[in-house]
**Student:** 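Pasting a structure below so you can have a look.
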Amino acid sequence: MATVRRATHAGSWYTSNGSKLEEELDDWLRESGLTKSSDVRGVIAPHAGYSYSGRSAAFAFGNIDPTNISRVFLLGPSHHYYTTKCALTKATVYSTPIGDLPVDQEVIEELKKTRKFETMDLRVDEAEHSMEMHLPYLAKVFKGHSVKVVPILVGAVSSESEAMYGSLLAKYIDDPQNFFSVSSDFCHWGSRFSYTYYEKKHGPIYKSIEALDRMGMEIIETGDPDAFKTYLHQYENTICGRHPISVFLHMLKNCSTKIKIGFLHYEQSSQCKNSRDSSVSYASATAKLEN
């Protein structure tokens, strides 16, 4: 019998009305004005409520050509559940208001055999939003195509573990039928996030936040996980998907396929002008074959 991971954030973080949701996604994808490319093998995209980051996420998902892809690996951070490992799902189906996505049980079993992963309870899986927020876009883009998902919850893993998981998962990048959806928001700024780094030379606070984020984005684009680690250590930027991004950078470093990350869009939930303000940044990128 199927074990279904319900769309637990539908009706709050995004609409649970399937036709309305499709309409919203269609609009955002059309507004992004992007051309689908079979060279795009992965994305980095935000995971906030769609009223905040739905538009931004379209700049990642709008690039996907679904034709030759049969499997999507999801890498998302854990917001509520503490683990120092990566965790696999018990679910066999991930539900969305616009269609269900079957989990690739074969790959899940393959990963389990490495003994490097734990298995998360369905309760943990359904409480986490980081991968769920990518699912409606994936269901939309892959509509009419047979695709399975491999959800991997990335815990508070050490630098050594990031490298280990990156090395272990790298072989999957070399299969052109595989796609990778990496979930992360960028700077969470304000006292409510316990992060108020500000460099006055950039002008208003929101400009300082952007400069900090763009520095991180440029380092991610170099594909160097060690440089990204140094940046995080130096500035402590509150990039919630830092571990999934780091694992992905190690995957790219260890695979045979030459892939380059490029950011296409950046925005903030609001413009911080004083210390009482707060904002979250959203950035969308593609991981594209280098010709």
Side-chain angles (χ1 to χ4, degrees), residues 1-8 38 40-45 47 60-61 64-78 81 83 85-126 128-155 157 164-183 241 243-244 247-248 250-252 254-257 259 287:
M1 201 172 77
T3 305
V4 180
R5 184 212 178 273
R6 298 167 301 163
T8 46
S38 57
V40 173
R41 295 289 311 285
V43 294
I44 298 172
H47 55 236
F61 295 106
I64 303 171
D65 180 350
T67 316
N68 300 313
I69 296 162
S70 60
R71 187 182 295 113
V72 178
F73 286 76
L74 288 150
L75 297 173
S78 180
Y81 172 69
T83 176
K85 291 184 173 183
C86 286
L88 303 170
T89 184
K90 281 183 179 172
T92 57
V93 175
Y94 269 37
S95 182
T96 89
I98 54 174
D100 294 346
L101 294 162
V103 173
D104 194 321
Q105 295 301 118
E106 206 177 304
V107 176
I108 294 287
E109 286 307 315
E110 205 175 277
L111 294 175
K112 274 184 190 172
K113 282 176 186 168
T114 66
R115 298 182 179 275
K116 302 292 185 188
F117 295 83
E118 64 175 73
T119 303
M120 60 178 150
D121 287 342
L122 195 60
R123 179 182 48 81
V124 169
D125 200 345
E126 290 187 335
E128 180 53 59
H129 65 273
S130 69
M131 293 187 284
E132 180 180 336
M133 299 310 292
H134 283 202
L135 297 175
Y137 262 116
L138 292 170
K140 175 68 187 163
V141 170
F142 286 96
K143 198 164 191 179
H145 297 265
S146 178
V147 72
K148 292 181 178 181
V149 293
V150 181
I152 301 173
L153 185 74
V154 182
V157 292
M164 178 271 290
Y165 284 114
S167 176
L168 190 150
L169 294 165
K171 68 171 186 177
Y172 295 104
I173 290 184
D174 292 324
D175 180 346
Q177 291 189 320
N178 291 336
F179 190 87
F180 302 85
S181 196
V182 182
S183 181
H243 296 302
V247 169
F248 189 56
H250 280 288
M251 287 164 68
L252 296 181
N254 285 285
C255 68
S256 306
T257 316
I259 289 176

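Quick caveat, the model's predicted, so the values are computed rather than measured.
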**Student:** Test side-chain contact (heavy atoms from CB on, under 4.5 Å) on Phe73 and Val107; report intermediate values, then the result.
**Tutor:** CA-CA 10 Å; Phe73 286 76; Val107 176; 3.9 Å; yes
**Student:** How far does OH of Tyr165 sit from OG1 of Thr114, to the nearest 0.5 angstrom?
**Tutor:** 7.5 Å
**Student:** Count the heavy atoms belonging to other residues, nucleotides or ligands that lie under 6.0 Å from CZ of Arg71, then report whether that count exceeds 12.
**Tutor:** yes
**Student:** Kindly compute the distance separating CZ (Arg41) from CG (Asn178), expressed to the nearest 0.5 Å.
**Tutor:** 7.0 Å
**Student:** Can you list every pair that meets salt bridge (Lys or Arg N to Asp or Glu O under 4.0 Å) and has a residue in residues 131-150, with sequence neighbours left out?
**Tutor:** Arg5-Glu132, Glu22-Lys140, Glu22-Lys143, Asp26-Lys140
**Student:** If you measure from the Lys or Arg side-chain nitrogens to the Asp or Glu carboxylate oxygens, is any gap between Glu110 and Lys113 under 4.0 Å?
**Tutor:** no
**Student:** Which heavy atom of Ala170 sits nearest to which heavy atom of Asn254, and what is that distance?
**Tutor:** CB-CB, 3.6 Å
**Student:** Could you state the interatomic distance from CE (Met133) to OG1 (Thr96), rounded to the nearest 0.5 Å?
**Tutor:** 11.5 Å
**Student:** How far apart are the C-alpha atoms of Ile64 and Ile69, what are their side-chain angles, what is the distance that settles it, and do they pass the side-chain contact (heavy atoms from CB on, under 4.5 Å) test?
**Tutor:** CA-CA 9 Å; Ile64 303 171; Ile69 296 162; 4.2 Å; yes
**Student:** Are Leu74 and Leu138 close enough that some pair of their side-chain heavy atoms sits under 4.5 Å apart?
**Tutor:** yes
**Student:** Tell me whether Gln105 at atom CD has more than 12 heavy atoms from other residues, nucleotides or ligands lying less than 6.0 Å away.
**Tutor:** yes
**Student:** Quick one: CG on Leu111 to NZ on Lys116, what's the gap to the nearest 0.5 Å?
**Tutor:** 13.0 Å
**Student:** With no hydrogens and no angle check, is any side-chain donor or acceptor of His134 less than 3.5 Å from a backbone partner on Ala45?
**Tutor:** yes
**Student:** Could you please spell out the steps behind the side-chain contact (heavy atoms from CB on, under 4.5 Å) verdict for Val150 and Tyr172?
**Tutor:** CA-CA 11 Å; Val150 181; Tyr172 295 104; over 6 Å; no
**Student:** Could you state the interatomic distance from SG (Cys86) to CD1 (Ile152), rounded to the nearest 0.5 Å?
**Tutor:** 6.5 Å
**Student:** Is there a side-chain contact between Phe61 and Ser181 in this structure, where contact means two heavy atoms from C-beta onward sitting under 4.5 Å apart?
**Tutor:** yes
**Student:** Which class fits the ring pair His129 and His47: parallel under 30°, tilted 30 to 60°, perpendicular over 60°?
**Tutor:** perpendicular
**Student:** Can you check whether Ser38 reaches Thr67 side chain to side chain, under 4.5 Å on heavy atoms?
**Tutor:** no
**Student:** Identify, with sequence neighbours excluded, every residue that meets side-chain contact (heavy atoms from CB on, under 4.5 Å) alongside Thr83.
**Tutor:** Tyr81, Lys85, Glu118
**Student:** At their closest point, which heavy atom of Pro77 faces which heavy atom of Gly241, and how far apart are they?
**Tutor:** CG-CA, 3.9 Å
**Student:** What's the shortest heavy-atom distance between Ala60 and Ile44, and which atoms?
**Tutor:** CB-O, 3.8 Å
**Student:** Decide yes or no on side-chain contact (heavy atoms from CB on, under 4.5 Å) for Asp65 and Val40, but give the supporting numbers first.
**Tutor:** CA-CA 8 Å; Asp65 180 350; Val40 173; over 6 Å; no
**Student:** Is Ser130 reaching over with its side chain to a backbone N or O of Ser183, donor-acceptor style, under 3.5 angstrom?
**Tutor:** no
**Student:** Hey, what do you get for CZ (Phe142) to CG (Leu135), rounding to the nearest 0.5 Å?
**Tutor:** 12.0 Å
**Student:** Write down the atom of Ala91, the atom of Leu122, and the distance for their closest heavy-atom approach.
**Tutor:** CB-CD1, 4.1 Å
**Student:** Using every non-hydrogen atom in the two residues, find where Gly76 and Pro244 come nearest and quote the distance to one decimal.
**Tutor:** C-CG, 3.7 Å
**Student:** Which heavy atom in Pro102 sits nearest to a heavy atom in Val147, and how many Å separate them?
**Tutor:** CD-O, 3.5 Å
**Student:** Could you tell me whether a side-chain N or O of Tyr94 sits under 3.5 Å from a main-chain N or O of Val149, the two making a donor and an acceptor?
**Tutor:** no
**Student:** Using the test side-chain contact (heavy atoms from CB on, under 4.5 Å), find all partners of Gln177 that sit at least two apart in sequence or belong to another chain.
**Tutor:** Ser70, Asp175
**Student:** Looking at Thr3, Thr8, Thr89, Thr119, which hits side-chain hydrogen bond (donor to acceptor under 3.5 Å, both in side chains) with Asp125?
**Tutor:** Thr89
